[in-house]
**Student:** 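Supplied in C-alpha coordinates, the structure appears directly below.
Residue indices begin at 1 and follow the sequence shown.
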Amino acid sequence: MAAYLAFLGGCAATPAAQEIGSNRQAFLERLSSDPQACQTYREAYVNGFQENVSALAQSDQAGQAEAARQLNQARERLLAAGLSEPDCARPYCIIEPLQEGKLETWCGYRLDADRGEELYQWLDWETVQAFVQRQ
(Lines give C-alpha, C1' and ligand atoms only; values in the text may rest on other atoms or scores of the structure.)
Protein backbone atom coordinates (compact mmCIF):
# COMPACT_ATOMS: atom_id res chain seq x y z
CA MET A 1 0.00 0.00 0.00
CA ALA A 2 1.45 3.37 -0.95
CA ALA A 3 1.77 6.02 1.73
CA TYR A 4 0.57 9.43 0.72
CA LEU A 5 1.41 12.76 2.32
CA ALA A 6 -0.86 15.73 1.91
CA PHE A 7 0.61 19.16 2.18
CA LEU A 8 -0.97 22.29 3.64
CA GLY A 9 -1.92 24.72 0.96
CA GLY A 10 -3.61 22.33 -1.42
CA CYS A 11 -0.50 20.80 -2.98
CA ALA A 12 -0.94 17.43 -4.60
CA ALA A 13 -0.20 14.31 -2.60
CA THR A 14 3.30 12.86 -2.83
CA PRO A 15 3.59 9.11 -3.42
CA ALA A 16 5.24 6.45 -1.32
CA ALA A 17 7.95 6.96 1.24
CA GLN A 18 10.80 5.90 -1.04
CA GLU A 19 9.94 8.85 -3.30
CA ILE A 20 9.64 11.37 -0.47
CA GLY A 21 12.34 14.04 -0.19
CA SER A 22 15.23 13.46 2.18
CA ASN A 23 14.11 15.90 4.90
CA ARG A 24 10.62 14.40 5.01
CA GLN A 25 11.93 10.85 4.93
CA ALA A 26 14.43 11.47 7.75
CA PHE A 27 11.73 13.13 9.85
CA LEU A 28 9.24 10.32 9.32
CA GLU A 29 11.88 7.72 10.16
CA ARG A 30 12.74 9.61 13.34
CA LEU A 31 9.09 9.70 14.40
CA SER A 32 8.73 6.00 13.64
CA SER A 33 11.73 5.19 15.82
CA ASP A 34 10.77 7.47 18.74
CA PRO A 35 9.93 5.68 21.99
CA GLN A 36 6.27 4.74 22.40
CA ALA A 37 6.08 7.22 25.29
CA CYS A 38 6.72 10.04 22.79
CA GLN A 39 3.98 8.81 20.48
CA THR A 40 1.56 8.59 23.41
CA TYR A 41 2.54 12.09 24.53
CA ARG A 42 2.10 13.55 21.03
CA GLU A 43 -1.37 12.03 20.76
CA ALA A 44 -2.33 13.39 24.19
CA TYR A 45 -0.91 16.79 23.28
CA VAL A 46 -2.91 17.08 20.06
CA ASN A 47 -6.10 15.67 21.59
CA GLY A 48 -5.74 17.99 24.59
CA PHE A 49 -5.15 20.97 22.33
CA GLN A 50 -8.22 20.18 20.26
CA GLU A 51 -10.37 19.59 23.35
CA ASN A 52 -9.15 22.84 24.89
CA VAL A 53 -10.00 24.81 21.74
CA SER A 54 -13.44 23.20 21.62
CA ALA A 55 -14.00 24.16 25.26
CA LEU A 56 -12.76 27.69 24.54
CA ALA A 57 -15.26 28.06 21.70
CA GLN A 58 -18.07 27.01 24.06
CA SER A 59 -16.78 29.06 27.02
CA ASP A 60 -16.57 25.75 28.91
CA GLN A 61 -14.14 26.34 31.77
CA ALA A 62 -14.59 22.82 33.11
CA GLY A 63 -13.69 21.41 29.69
CA GLN A 64 -10.60 23.62 29.56
CA ALA A 65 -9.56 22.43 33.02
CA GLU A 66 -10.07 18.80 31.98
CA ALA A 67 -7.95 19.28 28.87
CA ALA A 68 -5.18 20.86 31.00
CA ARG A 69 -5.41 17.97 33.48
CA GLN A 70 -5.07 15.39 30.72
CA LEU A 71 -2.04 17.18 29.27
CA ASN A 72 -0.41 17.31 32.70
CA GLN A 73 -0.99 13.57 33.10
CA ALA A 74 0.62 12.96 29.70
CA ARG A 75 3.65 15.01 30.77
CA GLU A 76 3.88 13.03 34.01
CA ARG A 77 3.77 9.73 32.08
CA LEU A 78 6.51 11.02 29.81
CA LEU A 79 8.68 11.93 32.82
CA ALA A 80 7.99 8.52 34.37
CA ALA A 81 9.37 6.96 31.17
CA GLY A 82 12.58 8.95 31.67
CA LEU A 83 11.81 11.47 28.92
CA SER A 84 10.78 15.11 28.76
CA GLU A 85 8.91 17.18 26.19
CA PRO A 86 12.07 18.27 24.31
CA ASP A 87 12.95 14.58 23.81
CA CYS A 88 9.89 14.13 21.60
CA ALA A 89 9.08 15.86 18.32
CA ARG A 90 5.85 17.72 18.94
CA PRO A 91 3.65 19.14 16.21
CA TYR A 92 2.75 22.80 15.93
CA CYS A 93 -0.91 23.38 16.67
CA ILE A 94 -2.74 26.54 15.70
CA ILE A 95 -6.20 27.96 16.24
CA GLU A 96 -8.09 29.40 13.31
CA PRO A 97 -10.98 31.70 14.25
CA LEU A 98 -14.10 31.17 12.14
CA GLN A 99 -17.35 33.09 11.82
CA GLU A 100 -19.85 33.18 14.67
CA GLY A 101 -17.16 32.64 17.31
CA LYS A 102 -16.29 29.16 16.13
CA LEU A 103 -12.71 27.92 16.27
CA GLU A 104 -10.90 25.40 14.12
CA THR A 105 -7.59 23.71 14.88
CA TRP A 106 -4.75 22.53 12.71
CA CYS A 107 -1.74 20.53 13.87
CA GLY A 108 1.28 19.54 11.86
CA TYR A 109 5.02 19.64 11.47
CA ARG A 110 7.21 22.29 9.83
CA LEU A 111 10.32 20.97 8.12
CA ASP A 112 12.98 22.55 5.96
CA ALA A 113 11.93 22.32 2.33
CA ASP A 114 13.54 19.56 0.30
CA ARG A 115 13.48 21.62 -2.89
CA GLY A 116 11.86 24.57 -4.60
CA GLU A 117 11.65 28.18 -3.54
CA GLU A 118 9.82 27.61 -0.27
CA LEU A 119 11.83 27.62 2.96
CA TYR A 120 9.57 25.13 4.71
CA GLN A 121 7.21 22.29 4.02
CA TRP A 122 4.30 21.36 6.24
CA LEU A 123 3.11 17.87 7.06
CA ASP A 124 -0.34 17.58 8.61
CA TRP A 125 -0.82 15.61 11.84
CA GLU A 126 -3.32 13.07 10.55
CA THR A 127 -1.24 12.08 7.54
CA VAL A 128 1.95 11.74 9.58
CA GLN A 129 0.10 9.68 12.20
CA ALA A 130 -1.22 7.32 9.53
CA PHE A 131 2.30 6.88 8.13
CA VAL A 132 3.92 6.29 11.55
CA GLN A 133 1.26 3.76 12.56
CA ARG A 134 1.86 1.74 9.38
CA GLN A 135 5.57 1.43 10.18
**Student:** For Trp125, run the side chain to side chain contact (heavy atoms under 4.5 Å, CB included) check against Tyr109, Trp106, Tyr92 and tell me which one passes.
**Tutor:** Tyr109

**Student:** Measuring only between side-chain heavy atoms, which start at C-beta, is Thr105 closer than 4.5 Å to Cys93?
**Tutor:** no

**Student:** Distance alone, cut at 3.5 Å: any donor-acceptor contact between the side chains of Arg75 and Asn72?
**Tutor:** yes

**Student:** Taking the side chain as C-beta and beyond, is there a heavy-atom pair between Gln64 and Leu56 under 4.5 Å?
**Tutor:** yes

**Student:** Please answer: with hydrophobic residues joined when any side-chain heavy atoms are less than 4.5 Å apart, are Val53 and Leu71 in the same cluster?
**Tutor:** no

**Student:** Which residues pass the side chain to side chain contact (heavy atoms under 4.5 Å, CB included) test with Glu104, sequence neighbours left out?
**Tutor:** Glu96, Leu98

**Student:** If only atom types and distance count, is the side chain of Arg42 paired as donor or acceptor with the main-chain N or O of Ala89 below 3.5 Å?
**Tutor:** yes

**Student:** In Å, rounded to the nearest 0.5 Å, how long is the span from CD of Gln58 to NZ of Lys102?
**Tutor:** 10.5 Å

**Student:** Using 30° and 60° as the class boundaries, would you call the ring planes of Phe49 and Tyr45 parallel, tilted or perpendicular?
**Tutor:** parallel

**Student:** If only atom types and distance count, is the side chain of Ser54 paired as donor or acceptor with the main-chain N or O of Gln50 below 3.5 Å?
**Tutor:** no

**Student:** Got a second to check how far Arg77's CZ is from Tyr41's OH, nearest 0.5 Å?
**Tutor:** 11.0 Å

**Student:** For residues Asp124 and Cys107, determine if any side-chain heavy atom of one lies less than 4.5 Å from a side-chain heavy atom of the other.
**Tutor:** no

**Student:** Shortest non-hydrogen contact from Leu78 to Ser84?
**Tutor:** CD2-C, 3.5 Å

**Student:** Looking only at non-hydrogen atoms, find the nearest pair between Pro97 and Leu103 and report the distance.
**Tutor:** CA-CD2, 3.8 Å

**Student:** Which heavy-atom pair separates Asp87 from Gly82 by the least distance, and what is that distance?
**Tutor:** OD2-O, 4.5 Å

**Student:** Between Ala81 and Ala37, what is the shortest heavy-atom contact and its length?
**Tutor:** CB-CB, 3.7 Å

**Student:** Measuring from Leu83:CG to Glu85:CD, what's the distance to the nearest 0.5 Å?
**Tutor:** 11.5 Å

**Student:** Counting only N and O atoms by type, is there a donor-acceptor contact under 3.5 Å from the side chain of Asn23 to the main-chain atoms of Asp112?
**Tutor:** yes

**Student:** Using atom types as modelled and distance alone, determine if a side-chain donor or acceptor of Asn47 lies under 3.5 Å from a backbone N or O of Ala44.
**Tutor:** no

**Student:** Assigning hydrophobic clusters by single linkage (Ile, Leu, Val, Met, Phe, Trp, Tyr; side-chain heavy-atom cutoff under 4.5 Å), is Ile95 placed with Trp122?
**Tutor:** no

**Student:** Find the distance between CZ (Arg24) and CG (Leu111) and round it off to the nearest 0.5 Å.
**Tutor:** 8.5 Å

